[in-house]
Amino acid sequence: MATLPNPLPKLAADPSGRSLGLQLPPGVLLDATEDGPWHEPLLWYAGRSASPGNWSALGAPASRAGLLPVLLEVGGSQGGPEEWVLLPGETSYPGDHDAEDVLATYWEECAAPDLGPWPGLAGALPLTAAPEVRAAEVADSLTTERPWLKDPRLALVPARRSADIPAALGWTGPLNHDDDVARPCAVLRSWEDRFGIRVVALGFDHLTVSVAAPPTGRDEALALAAEHFAFCPDAVDRPETYADRLLGEPAWHFWWD
């Protein structure tokens with residue numbers, strides 16, 4: 001996968017991150033993958049649980065240093081990222097894939113005949129919040145309400161854009177749906193452009209994104225529900241019943257069996 005220069009190796013000699021303009025708490029530099037140690041750190045994550053305000057305090061300065069924030073589930077039944085199946089060497093580049101082609105292929109593979117042919121991409125929607133502000137709000141809510149996150153830790157990942165974070169890690173959460181996470185990331189890139197999403201949290205097989213331009217009308221929600229069904233059929237019963245859950249929703253959550 002094509003990547004930017006990775007600032008994380010500097011943290012080996014400077015754990016505080018001052019050389020990157022950061023003030024980091026004690027944390028972990030992770031280079032462990034399913035195939036053995038990666039040639040450079042894949043991510044840094046804090047040694048303590050995330051709390052409200054952490055995302056805002058660290059996200060902006062980290063992005064200026066070439067690192068993007070994400071919450072990682074460390075206390076889940078599958079363990080933290082050291083125990084996950086990370087395969088960065090087998091991940092392609094999200095920009096090499098077309099989001100609509102990816103979704104159309106998923107739809108053809110997963111949709112029941114009565115759902116009809118792939119309906120095409122939903123239209124872009126107007127922002128109701130600044131994407132980075134909405135991401136911070138959703139991150140803060142996840143650290144307090146924790147609907148699925150167990151012991152969330154704030155992590156920093158070298159990635160070009162938020163949608164690329166799973167690919168930068170070689171995350172394999174959707175492995176049973178697609179064995180190259182760059183293809184789902186191409187869809188996330190398209191959602192960034194059309195709906196102002198940001199990748200906010202990852203677990204072993206869970207993903208939460210913030211949404212700065214959610215649908216507010218039934219037709220908009222139905223069009224988007226088809227995309228969600230194709231993207232993650234495990235999390236969507238049927239598009240027509242799922243659509244109502246998307247109206248005005250500031251976050252989308254996906255999980256794969």
Side-chain angles (χ1 to χ4, degrees), residues 1-76 79-91 93-94 131-133 135-140 142-143 149-172 181-182 185 192 198-204 207-208 210:
M1 174 178 154
T3 59
L4 295 171
N6 186 350
L8 289 178
K10 294 183 179 180
L11 298 182
D14 174 28
S16 71
R18 288 188 180 89
S19 63
L20 297 175
L22 305 175
Q23 293 182 334
L24 299 178
V28 177
L29 275 176
L30 179 66
D31 65 358
T33 78
E34 185 74 1
D35 297 327
W38 194 238
H39 63 275
E40 59 185 4
L42 291 168
L43 62 93
W44 170 93
Y45 73 86
R48 64 189 184 209
S49 296
S51 58
N54 288 168
W55 183 286
S56 296
L58 196 53
S63 64
R64 291 193 291 270
L67 299 167
L68 297 180
V70 65
L71 295 174
L72 299 182
E73 183 180 47
V74 172
E82 291 89 348
E83 287 75 47
W84 299 354
V85 180
L86 300 180
L87 294 171
E90 298 181 23
T91 303
Y93 179 53
E132 304 307 332
V133 171
E137 293 170 348
V138 170
D140 284 353
L142 288 174
T143 64
L149 276 175
K150 296 178 176 62
D151 193 8
R153 306 290 182 88
L154 185 64
L156 300 177
V157 178
R160 293 176 180 270
R161 51 195 289 181
S162 181
D164 291 358
I165 287 173
L169 299 177
W171 184 64
T172 56
V181 74
C185 283
E192 270 192 350
R198 297 293 185 268
V199 173
V200 172
L202 289 174
F204 176 75
L207 164 70
T208 293
S210 61

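Looking at heavy atoms from C-beta onward, Leu87 lies out of side-chain contact with Trp171 at the 4.5 angstrom threshold. At least one side-chain heavy atom of Leu29 sits under 4.5 Å from a side-chain heavy atom of Leu8. Side-chain contact between Pro26 and Pro15 is absent, with no heavy atoms from C-beta onward closer than 4.5 Å. The shortest side-chain heavy-atom distance between Ser49 and Thr143 does not fall under the 4.5 Å cut-off. Using a 4.5 Å cut-off on side-chain heavy atoms (C-beta onward), Val70 and Val200 make no contact. Counting heavy atoms from C-beta outward, Glu82 and Leu30 have side chains that approach closer than 4.5 Å. Between Val157 and Leu169, the closest side-chain pair of non-hydrogen atoms falls below 4.5 Å. Side-chain contact between Leu11 and Pro41: absent, with no pair of heavy atoms (C-beta onward) separated by less than 4.5 Å.
The minimum heavy-atom distance between Leu149 and Pro152, with the atom names listed, is CD1-CB, 3.8 Å. Listed here is the closest heavy atom pair of Pro7 and Pro158: CD-CB, 4.1 Å. Here the closest heavy-atom approach between residue Val181 and residue Pro166 is recorded as CG1-O, 3.7 Å. Of all heavy-atom pairs spanning Leu154 and Ala50, the tightest one is N-CB, 4.1 Å. Between Arg160 and Tyr93, the shortest heavy-atom distance links the atoms CD-OH, 3.4 Å. Scanning both residues, Ala163 and Glu192, for their nearest heavy atoms gives N-OE2, 2.9 Å.
Side chain of Arg153 to main chain of Ala46: a donor-acceptor pair is present (N/O by atom type, distance under 3.5 Å, no hydrogens or angles). Judged purely by atom type and a 3.5 angstrom limit, Thr172 uses its side chain to pair as donor or acceptor with the backbone of Val85. Without hydrogens or angle criteria, Asp14 side chain to Ser19 main chain gives a donor-acceptor distance under 3.5 Å. A donor-acceptor contact shorter than 3.5 Å links the side chain of Glu73 to the backbone of Lys150. Between the side chain of Ser56 and the backbone N or O of Gly53, no donor-acceptor pair lies under 3.5 Å.
Of the inter-residue distances, the one linking Leu67 atom CG with Leu22 atom CG reads 7.0 Å to the nearest 0.5 angstrom. To the nearest 0.5 Å, atom OH of residue Tyr45 and atom CG of residue Leu71 are 13.5 Å apart. If you take CZ on Arg64 and CG on Leu20, they are separated by 12.0 Å, rounding to the nearest 0.5 Å. Distance CZ/Arg198 to CZ/Arg161: 8.5 Å, rounded to 0.5 Å. One distance of note links CG of Leu156 with CG of Leu24; it measures 6.5 Å at 0.5 Å rounding.
Considering Val28, Leu72, Leu202 as possible partners of Pro81, the one that fulfils the side-chain contact (heavy atoms from CB on, under 4.5 Å) test is Leu72.
Considering only residues two or more places apart in sequence or on other chains, Ser63 meets the side-chain contact (heavy atoms from CB on, under 4.5 Å) condition with Leu68.
Within 6.0 Å of atom CD in Glu83, more than 12 heavy atoms from other residues, nucleotides or ligands are found, so the atom counts as buried in its surroundings.
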Practice prompt. Show the numbers, then the answer: is there a side chain to side chain contact (heavy atoms under 4.5 Å, CB included) between Glu137 and Ser210?
Written response: CA-CA 8 Å; Glu137 293 170 348; Ser210 61; over 6 Å; no
